[in-house]
There are 2 protein chains.
Amino acid sequence: MAATIRDVAQAAGVSIKTVSNVMNDYPHIRPDTKRRVLDAVELLHYSPNQSARSLRSGKTGVLGLAVPELSLSYFAELADAVIQAAEARGLKVLIEQTGGDRDRELELLASPRLQLTDGLLFSPLGMANEDAENLSVGFPLVLLGERIFGGPTDHVTMRNVEAARAATDHLLSKGRRRIAVVGAHEGEVIGSAGLRLQGYRDALEAAGVPYNPALIAHTTLWHRANGATAMRELLATGVDFDAVFGLNDTLALGAMRVLQESGRRIPRDVAVIGFDDLDEAQYSLPTLSTIDPGRTEIAETAVAVLAERIADRRSGLAPREIQAQFRVVERESTAS
Amino acid sequence: MAATIRDVAQAAGVSIKTVSNVMNDYPHIRPDTKRRVLDAVELLHYSPNQSARSLRSGKTGVLGLAVPELSLSYFAELADAVIQAAEARGLKVLIEQTGGDRDRELELLASPRLQLTDGLLFSPLGMANEDAENLSVGFPLVLLGERIFGGPTDHVTMRNVEAARAATDHLLSKGRRRIAVVGAHEGEVIGSAGLRLQGYRDALEAAGVPYNPALIAHTTLWHRANGATAMRELLATGVDFDAVFGLNDTLALGAMRVLQESGRRIPRDVAVIGFDDLDEAQYSLPTLSTIDPGRTEIAETAVAVLAERIADRRSGLAPREIQAQFRVVERESTAS
DNA sequence: TCCGCAGTCTATAACGTTGTAGGAAGAACG
DNA sequence: CGTTCTTCCTACAACGTTATAGACTGCGGA
């Protein structure tokens, strides 16, 4: 059906390799020959067969991106940024959803279906440090997120501790001293929750404010509903607070809603800050102060690092850990 | 480096075709032979090369999904649903972002890079009916969305007119008569905006309520900010209204925010309904009534239809237009 | 005049799989 | 006892590309 390189070669009166050379911008071709080939290409609507190309060259031009789910805005915006960064390099992105489930994450790493891609950007949510060895797969892999540190692969991440400390400092600078946290994970040390809680504690300590466990609200998944529920529970305990640090924006938005229902005014009675700088944070009522964790930078860096590893597979280069720059974004929810 | 089918054949003492047969569950194989092959596969960590498979079989097992941008929640949730539907069929999804730009959409259709996929789910935002002929590409394509009707391909869409009518009826049933619309597109007849506005007018007419152009607020893109701006402009005109129909959820949420800033209570002073049933609509304050347009059904149907076209390429089957079932979701923003 | 050397091109062999055609061995049948 | 039919397996030719090795120009320098 579709024209092959052979058809073009015949139509142009050259060998198939010459056609291949033209298609790949090989330098030493007479302008005249090139012209004839391109005319034939045009005429026959020729377009190289990708499977054959991949088979011969061993590259597919596709990157895999594995995230928990696109319905979580953070990952949707991350995927957006990754696709754009990949496109700038002429690469496509194939997206896998793991649901944040450890078993499915491990299964994905073992799966032969990754054959379709040249490498993988992997953002686990269920796996933890003890699963690090499973990352030693036979192909280029760049780790995203904060579930595993010190693993065998390159790792692009955000400055969770420092950024959370900056968020807390921001609230402290507004004169708030009883700062509640929404979204902590019981006993977690690494992972976004653990690291951000650590940043919170660091900030309190530096400011000489005592840490009060009663102000910490726990949740499982970081969905909006959980932020609301956690806040309801916090209010039910009767503990007094004048600020809330939502460990991500969706939690903060859910919590904000419950605060408003309960009659508290934001930021006057309670100041609120989130983490992620989702698009949505700009349009909530009030607009939500937050941390911009450098998502675009993360996406670009991750794609660049992965592309580098793909180009240079054998390289014994030690795994790198790269952290993006963050930024405190002040909006209405923490206005003075 | 990696083991090939030849290595396995040698290790198992059979021909390569027998290995291939085992890998593809060909029926007539002696249990004993099968066992030996599988042992060799295990031993050598063999996994079939996808590029070679694709080259030989002409199928890649990958579907393309082209959407404007994943940062728009509707498309992120659609992509989520599509990936899940594809996974159920053992297919992968490669996502392209067009930015809703007509030129990029047209370029995508002409691009040879689609070679990587067996077919495309295409959700244009910039193209319109006059571009329909450009959809006649040489490979399986299923159209999504409401920009083009009567084109040369299968089309999976929602019941925009009926659903918008139901949304309006819902407001009317609450005794509202002065219903504003946020998000109309000047002069548009098809497209989500045009169709939903039509549904609104149909409902008014059936109820004997006169159509008042002063109640229609226009926007360009359906981002949150535009909903807010449109509502501000509407309020500035001084027109009186007791309900708002946001042509999608993000517009409704933006409008709701401005209404609240202006001191209006929802739903008491103004009832609000949206369209899309985003996750977010469940957690706004108040929770947002909306239309569930059957997104999951759309994704599943679209993948099924595309898979069918791929399996049966030659089929002269006429293009089908399939509409998903919708549902009015009543929440606080239109409570009695 | 001859050699070497860029520049341009070609023939042919891969890449790793699946499809086609057919062969060997035994069972079923007349 | 031959013939036909299953069942199981094999050899070999594709699929459409890129890589390798080498051939053929003409031209400048020895």
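Just so it is clear: chains get the letters A, B, ... in the order the sequence lines come, proteins before strands, and each one is counted from 1.
Atoms CD1 (A:Ile29) and C1' (D:dT25) sit 17 Å apart, rounded to a whole Å. The nearest whole Å value for the distance from the OH atom in B:Tyr26 to the P atom in D:dC8 is 9 Å. One can place CZ of A:Arg30 at 11 Å from C1' of D:dC24, the figure rounded to the nearest angstrom. The CG-P distance, from A:Asp32 to C:dG7, rounds to 18 Å in whole Å. The interatomic distance linking A:Lys59 (NZ) with C:dC15 (C1') rounds to 14 Å, in whole Å. Rounded to a whole Å, the CZ atom of B:Arg36 is 12 Å from the C1' atom of D:dC8.
B:Lys92 NZ to B:Thr117 OG1: the interatomic distance, rounded to the nearest 0.5 Å, is 15.0 Å. If you take OG1 on B:Thr18 and OH on B:Tyr26, they are separated by 10.0 Å, rounding to the nearest 0.5 Å.
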Pair A:Val303, A:Val82 - check side-chain contact (heavy atoms from CB on, under 4.5 Å), show working. CA-CA 7 Å; A:Val303 170; A:Val82 166; 4.1 Å; yes
Go through the steps to decide whether A:Asp118 and A:Val62 satisfy the test side-chain contact (heavy atoms from CB on, under 4.5 Å), and finish with yes or no. CA-CA 6 Å; A:Asp118 292 337; A:Val62 179; 5.9 Å; no
Classify every nucleotide of nucleotides 10-19 of chain D by which part a protein heavy atom approaches to under 4.0 Å, writing B for the base, S for the sugar-phosphate alone and - for neither, in 5'-to-3' order. BB-BBBBBBB
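No donor-acceptor distance shorter than 3.5 angstrom exists from the side chain of B:Thr33 to the backbone of B:Ile29, with no hydrogens or angles considered. Between the side chain of B:Glu69 and the main chain of B:Gly99, no donor-acceptor pair closer than 3.5 Å is present.
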